[in-house]
Each structure stands twice: as structure tokens, then as C-alpha cells.
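The structure appears right after this line, and notes come after that.
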Protein chains: 2
Amino acid sequence: MAVSARRGSPLSLEEISSTALRLVDTGGVEALSMRKLAAELDVNPMSLYHHVKNKDALIGIICSTAAQRMTLPPDDGAPWPEQVRALALAYHRHAVEHPALWSYLLNHPESTADRNLVIWQTLYRILRLAGVPEPELRRTSDVLHAFVLGFIIAETQGHLPSDPEEIARNFDTAIRLITHGLAGLTG
Amino acid sequence: MAVSARRGSPLSLEEISSTALRLVDTGGVEALSMRKLAAELDVNPMSLYHHVKNKDALIGIICSTAAQRMTLPPDDGAPWPEQVRALALAYHRHAVEHPALWSYLLNHPESTADRNLVIWQTLYRILRLAGVPEPELRRTSDVLHAFVLGFIIAETQGHLPSDPEEIARNFDTAIRLITHGLAGLTG
DNA sequence: ACCTGAACACCGTTCAAGT
DNA sequence: ACCTGAACACCGTTCAAGT
């Protein structure tokens with residue numbers, strides 16, 4: 001029988017990636033090693049290679065696993081500044097849960113290159129609502145996404161004061177900068 | 001004589017850090033290993049530890065070496081939006097030369113924590129000029145710095161189109177977002 | 001003071017062998 | 001099909017020994 005030596009059920013990609021994600025969330029990307037992950041799963045390090053091509057591929061999988069857990073705000077018909085805020089909040093909440101992943105993401109553009117991802121579609125929709133003309137959509141969304149990434153990573157990595165009140169104020173300043181900026185851009 | 005085995009002059013911190021910086025600039029932070037660096041310097045890996053506490057300390061030294069090479073625009077009396085642009089351009093030029101360092105920086109807040117650094121003082125000066133009230137200086141500069149970091153890293157890491165024309169356009173969009181944002185914040 | 005070699009505890013990954 | 005152990009080529013770092 002092809003049964004794992006460690007217990008009844010065999011190793012699954014699901015199990016591998018969720019355990020790996022847990023390691024990364026708690027200890028950062030540098031806390032993830034194939035050998036530690038295998039130990040955590042109570043399995044031989046080399047067994048992992050049967051489910052995953054290599055470490056880079058594994059991190060790629062972790063990223064999409066985590067991305068799917070990000071719940072984006074629906075189009076509720078609210079004014080666009082409120083929708084900008086709601087979207088930024090969604091980024092923010094996700095980043096707090098998976099801080100290391102966002103840092104990794106900023107250094108690995110492949111992960112978010114596909115413009116059909118919900119995250120881009122949502123951003124496009126809100127920018128259209130804000131009056132950004134169609135030929136400027138790509139550029140404006142690129143810049144905004146980079147801004148928000150920078151802010152979120154700065155916060156989760158400890159560049160900013162970490163008491164809850166100051167976090168709220170910083171977030172507010174960021175949102176006001178963006179909404180005023182967008183208004184000025186299109187007005 | 002306490003003379004290096006490799007040639008006339010002994011190993012110096014200067015030499016170590018500039019060689020290390022070169023490695024990081026060309027191959028990213030992950031291309032820097034104590035052993036490769038030692039090979040590059042034609043020296044035993046362990047000799048490095050006589051000049052530097054460990055790898056982390058070395059990277060810290062590299063960061064400040066590079067930081068000193070960043071030339072910030074002086075106060076030329078120009079209107080604040082132009083000075084914002086000039087400062088952002090300084091960030092940008094530096095980032096193009098040392099892309100890997102900025103990614104590292106965003107994950108290591110210690111490096112830029114000291115508010116007496118020229119970079120913060122310059123930013124404060126410009127924000128005062130833009131009419132940001134004193135009690136908001138810290139917050140506004142934090143947010144802006146995070147935005148610019150995000151944008152610069154996104155660009156140097158390949159999130160954005162890389163043809164020169166599009167780079168200029170993206171930069172322009174970013175600056176306009178920021179200046180309009182600031183104007184709206186204080187107006 | 002400055003440099004070195006051997007050694008230790010880690011990595012990712014390949015490959016041939018087991019069931 | 002799935003798992004494993006031994007092996008290879010790398011890491012950072014300590015420590016005792018050399019000049």
C-alpha cells in the first residue's frame with residue numbers, strides 16, 4: 001500500500017501549502033525551509049519534491065493560496081472614495097494576516113502580473129467610477145497599487161508606530177492623500 | 001609581518017563593504033554570501049569576521065554606505081511641487097543604481113528609523129513648505145515615504161512597464177497623485 | 001593584530017533504490 | 001504512484017591555532 005509512514009493519509013499538496021503558509025506567516029519567508037516543512041509534516045524532506053517542483057514553485061503556490069483568501073469588497077454602489085477606502089481596508093486586513101507574503105510579492109512581480117485578477121478588476125472598476133479615463137487606467141492602477149503595497153508593507157514591517165490609534169490615523173492620512181490625489185488628477 | 005597573503009595591502013572595512021555592495025547591486029541580496037565575498041576579495045572566508053560582526057551587520061554597513069551616496073536636492077527656493085518632484089527624482093536615481101538595497105530596506109525598518117537623517121529632514125522641510133501643519137509632519141512624511149518606497153521598488157523590480165517613455169509617464173502620474181493629494185490635504 | 005583550516009549545524013536538490 | 005536515504009554542493013559561524 002502506498003501509505004505514508006507517518007499516519008493513515010498520504011501527503012497532499014493542500015496539506016503542504018497550508019502548512020508552509022503557516023510557517024511563513026509566523027516566521028517570515030526565511031523561516032520556510034524544505035527540511036523544516038518536512039519535519040513539521042512528519043515526513044522525509046524528499047517526499048515534498050513529489051508534490052512540488054522546488055522551493056520557488058512552493059512559494060508561488062503559497063501566494064495564490066493566500067491570494068484566494070483575500071475577500072474583496074463587492075460593488076455596493078457607494079461613492080468612489082468610500083469604495084477606495086473599502087478596497088484599501090481589504091488589502092490591509094489581508095496583510096496583517098500574511099505580512100511576509102506581501103513583502104515577498106513586491107519582489108516577485110510575476111505573482112500579480114495577470115491583469116485579469118479580481119484585484120485588478122476591482123481597482124479598475126473603482127478608478128472608472130472616479131473618472132479616470134480608459135487609456136489612463138493601466139498607469140493609474142499601477143501607481144496606486146504600488147503606493148498601497150508600500151504603505152501596507154511599511155506598516156506590517158514596523159516602519160510606522162504600532163499603537164492602534166496611530167495605525168488608524170496613518171491609514172486615514174493615506175486614504176485622504178489618495179482620494180484627493182485622484183480627484184485632482186481627474187478634475 | 002601581518003600582511004595579507006593575497007597581496008601587499010591588508011583587508012579593510014572600506015574594501016569589504018564596497019565589494020559587497022557591488023555584489024548586491026549586480027545580483028541582489030541573495031547573491032551576497034560571506035564565502036563568495038571572500039573569494040571575490042581573494043581571502044579566507046573567516047578573515048571577514050575580523051572586520052565585521054556577522055552577515056547582518058555587513059548588510060547594515062552596506063546600507064549606510066549606499067545611503068551616503070544619495071545626493072538630496074538642496075533648498076533652491078522653488079515652489080514645493082517642484083521640490084517634491086526633485087526629491088522623488090533623487091530617490092529614483094539612487095534606486096536605479098542600488099535596486100536590491102531598497103527592497104531590503106523596506107523589510108528592515110531600523111535602517112531608516114532615525115528621524116535626524118537628511119532624508120527625513122529634507123522631506124519635513126518640503127512638507128512644511130506645502131503647508132502641512134507641524135503635528136501632522138510625522139504622519140504625512142511616514143505615509144509619503146512608504147508610497148514612494150512602494151513605487152520605486154515596484155519599478156526597479158519589474159512590476160511596471162520598463163520602456164523609458166512609460167517609466168517617465170508612470171513617474172509623472174505618481175508625482176501628480178502626490179502633489180494633488182498634498183494640496184487637497186492642506187487646502 | 002590579523003589571518004587561517006578544520007569543524008559544526010544548517011541549506012536545496014539529484015539520484016538510485018525501495019514498496 | 002509515492003516515499004526514502006545517501007550524497008553533493010552550497011551556506012553562516014565558532015574555535016583553536018598560526019604569524
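Hydrogens, waters and symmetry mates play no part in the numbers below; they use all other heavy atoms, side chains included. It should be emphasised that the depicted structure is a prediction, and the values quoted were computed from it without experimental measurement. Chain letters run A, B, ... following the sequence lines, proteins first, then strands; residues in each count from 1.
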Legend entry - Phosphate-side-chain proximity, B:His51 and C:dC3, N/O vs OP1/OP2 below 4.0 Å: yes

Inset, instruction - Starting from P on D:dC2, measure out to CD1 on A:Ile16 and report it in whole angstrom. - result: 11 Å

Inset, instruction - State yes or no: do B:Val96 and B:Leu160 share one hydrophobic cluster built from I, L, V, M, F, W and Y residues joined by side-chain heavy-atom distances below 4.5 Å, directly or via other members? - result: no

Legend entry - A:Lys36 side-chain proximity, nearest of C:dC3, C:dC11, C:dT4: C:dC11

Inset, instruction - From the options D:dG12, C:dC11, C:dT4, select the nucleotide whose nearest atom is closest to the side chain of B:Ser33. - result: D:dG12

Inset, instruction - Please report the C-alpha distance between B:Leu182 and B:Trp80 in whole Å, then the side-chain angles of each, then the deciding distance to 0.1 Å, and finally whether the side-chain contact (heavy atoms from CB on, under 4.5 Å) criterion is met. - result: CA-CA 10 Å; B:Leu182 276 175; B:Trp80 69 262; 3.8 Å; yes

Inset, instruction - Assign each of B:Arg35 and A:Pro45 to its nearest nucleotide of DNA chain D by heavy atoms, then name whichever residue's nucleotide is nearer the 5' end. - result: A:Pro45

Inset, instruction - May I ask you to evaluate whether B:His50 reaches the phosphate of C:dT4, defined as a side-chain N or O under 4.0 Å from OP1 or OP2? - result: no

Legend entry - Mutual orientation of the aromatic rings belonging to A:His94 and A:His98 [parallel < 30°, tilted 30-60°, perpendicular > 60°]: tilted

Legend entry - Length of the CE-P vector between B:Met46 and D:dT14, whole Å: 10 Å

Legend entry - Carboxylate-amine/guanidinium contact A:Glu40 A:Lys36, below 4.0 Å: no

Legend entry - Distance below 4.0 Å between A:Ser47 side-chain N/O and D:dT4 OP1 or OP2: yes

Legend entry - Residue pair A:Trp120 / A:His145, side-chain donor-acceptor N/O under 3.5 Å: no

Legend entry - Bracket notation of DNA chain C in which parentheses pair within the strand, [ ] cross earlier pairs, and | pairs with another strand (Watson-Crick or G-U, under 3.5 Å): ||.|||||...|||||.||

Inset, instruction - Please figure out whether A:Leu48 or B:Lys55 has its closest DNA chain D nucleotide nearer the 5' end. - result: A:Leu48

Legend entry - Sidechain N-carboxylate O distance under 4.0 Å for B:Arg139, B:Glu136: yes

